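Quick caveat, the model's predicted, so the values are computed rather than measured.
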Amino acid sequence: MTLQLYGVVRAGHPRAPRTVCWDDLAMVVGEPEPDPAVHLAVVSALVEGGPVLPVRFGTVADDEAAVRDEVLAPAAEEYRADLDRLDGLAEVHVCLRFTEPGSAWRSARSDVLLSEVAGRARDSVALPAGESADERWAFLVGMGDLLVVRDAVSGLARGGGVQADWVGPLPAYSFLERRTCTRWSW
């Protein structure tokens with residue numbers, strides 16, 4: 001039976017609806033799902049129960065044996081190291097839309113605007129801007145800091161000249177090495 005792969009977690013993860021276990025690791029699996037929003041919702045819900053290494057949407061395995069033998073066992077040490085490194089952390093995205101004309105000052109201004117968030121982050125990375133944002137950032141923050149980050153981002157709009165939004169908690173997509181040698185990468 002074909003299984004959709006959602007993410008690697010520790011065995012016994014409290015929010016994992018269905019898993020295939022190998023040793024102390026588990027892959028969250030389900031029936032094949034055609035909607036990427038559902039996939040994101042599943043992996044995002046896992047974050048509050050512990051670290052998750054999300055698998056790229058649409059990744060499937062033939063059966064439970066393939067999950068154990070081809071996915072979990074060969075990369076177990078890397079998965080354990082990543083889970084340990086991300087324990088207690090989540091990714092949040094902050095999107096800034098500047099409402100005043102002129103772009104020369106935006107970079108310096110965003111550094112100031114985001115200083116409180118950056119001060120709480122373990123790591124950060126600029127993301128490509130999109131139609132809905134002039135600047136997008138991913139921050140790796142402690143789970144205990146999520147409300148402080150949310151409030152800091154909400155407060156940015158009160159300063160005028162900028163609209164700010166945040167999305168989180170998310171799995172740490174932006175803070176995992178890309179594993180290009182395997183079809184099981186993020």
Side-chain angles (χ1 to χ4, degrees), residues 4-10 12-17 19 26-30 33 35-59 79 81-99 106-107 109-179 185-186:
Q4 179 158 333
L5 309 185
Y6 288 97
V8 178
V9 297
R10 291 187 177 108
H13 189 287
R15 293 201 170 218
T19 60
M27 176 65 73
V28 179
V29 299
E33 170 58 58
D35 186 351
V38 171
H39 183 87
L40 180 60
V42 170
V43 294
S44 293
L46 294 168
V47 172
E48 292 185 28
V52 56
L53 309 177
V55 175
R56 184 180 308 141
F57 169 72
T59 303
Y79 294 152
D82 283 339
L83 289 168
D84 288 345
R85 182 175 60 85
L86 297 172
D87 196 20
L89 302 173
E91 181 169 325
V92 296
H93 289 187
V94 177
C95 303
L96 301 177
R97 162 88 49 210
F98 295 98
T99 57
R106 286 183 181 164
S107 179
R109 183 153 183 230
S110 66
D111 287 347
V112 172
L113 289 171
L114 295 173
S115 63
E116 185 176 356
V117 176
R120 296 205 173 259
R122 306 280 174 90
D123 201 355
S124 64
V125 62
L127 300 172
E131 291 180 23
S132 63
D134 293 317
E135 289 191 26
R136 293 177 55 233
W137 291 86
F139 293 95
L140 189 62
V141 300
M143 293 294 290
D145 288 331
L146 288 173
L147 294 178
V148 174
V149 169
R150 180 200 65 195
D151 292 345
V153 172
S154 296
L156 294 177
R158 289 191 285 269
V162 66
Q163 295 173 340
D165 294 303
W166 85 301
V167 178
L170 300 168
Y173 286 102
S174 302
F175 302 96
L176 291 169
E177 272 186 45
R178 302 283 185 238
R179 290 182 174 86
S185 64
W186 325 125

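Across all non-hydrogen atoms, the minimal contact from V47 to L170 is CG2-C, 3.6 Å. For the residue pair E91 and F175, the shortest heavy atom distance occurs at OE1-CD1, 3.5 Å. In terms of heavy atoms, A121 sits closest to F139 at CB-CD2, 3.8 Å. For the pair A138 and H93, the tightest heavy-atom approach, listed with the atom from each and the gap, is CB-CD2, 3.8 Å. The shortest heavy-atom contact between G168 and V92 is CA-CG1, 4.1 Å. The shortest non-hydrogen separation linking L83 to V8 is CD2-O, 3.8 Å.
F98 places a side-chain heavy atom less than 4.5 Å from the side chain of L113. Contact check for E116 versus V148: side-chain heavy atoms found under the 4.5 Å cut-off. Between V28 and P17, some side-chain heavy-atom pair lies under the 4.5 Å cut-off. Two residues are said to be in side-chain contact when any heavy atoms from C-beta on lie closer than 4.5 Å; V52 and V9 meet this criterion.
Residues meeting the salt bridge (Lys or Arg N to Asp or Glu O under 4.0 Å) test with R122, sequence neighbours left out: none. Residues that satisfy the side chain to side chain donor-acceptor pair (under 3.5 Å) test with D84, not counting sequence neighbours, are R10. In terms of the side chain to side chain donor-acceptor pair (under 3.5 Å) criterion, residue partners of W137 (sequence neighbours excluded) are, by chain and number, E135. Applying the side chain to side chain donor-acceptor pair (under 3.5 Å) test to H13 and every residue at least two apart in sequence or in another chain returns nothing.
Here side chain to side chain donor-acceptor pair (under 3.5 Å) pairs that include residues 139-150, with residues two or more places apart or in two chains, are R120-D145. Annotation: side chain to side chain donor-acceptor pair (under 3.5 Å) contacts involving residues 38-50, sequence neighbours excluded, comprise Q4-H39.
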Inset, instruction - Please test L156 against L114 for side chain to side chain contact (heavy atoms under 4.5 Å, CB included), starting from the C-alpha separation and ending with a verdict. - result: CA-CA 8 Å; L156 294 177; L114 295 173; 4.0 Å; yes
Inset, instruction - Given side chain to side chain contact (heavy atoms under 4.5 Å, CB included), test Y173 with V43 step by step and report yes or no. - result: CA-CA 10 Å; Y173 286 102; V43 294; 3.3 Å; yes
Inset, instruction - Report the C-alpha distance between L146 and V141 in whole Å, list the side-chain angles of each, state the deciding distance to 0.1 Å, and finish with yes or no for side chain to side chain contact (heavy atoms under 4.5 Å, CB included). - result: CA-CA 7 Å; L146 288 173; V141 300; 3.8 Å; yes
Inset, instruction - Let me see the working for L176 and R85 under side chain to side chain contact (heavy atoms under 4.5 Å, CB included), right down to the final yes or no. - result: CA-CA 10 Å; L176 291 169; R85 182 175 60 85; 3.7 Å; yes
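The backbone N or O of P128 lies less than 3.5 Å from a partner atom in the side chain of R136, making a donor-acceptor pair.
Counting heavy atoms of neighbouring residues, nucleotides and ligands inside a 6.0 Å radius, atom CD of E33 exceeds 12 of them.
Residue L5 holds its CG atom at 12.5 Å from CG of L53, rounded to the nearest 0.5 Å.
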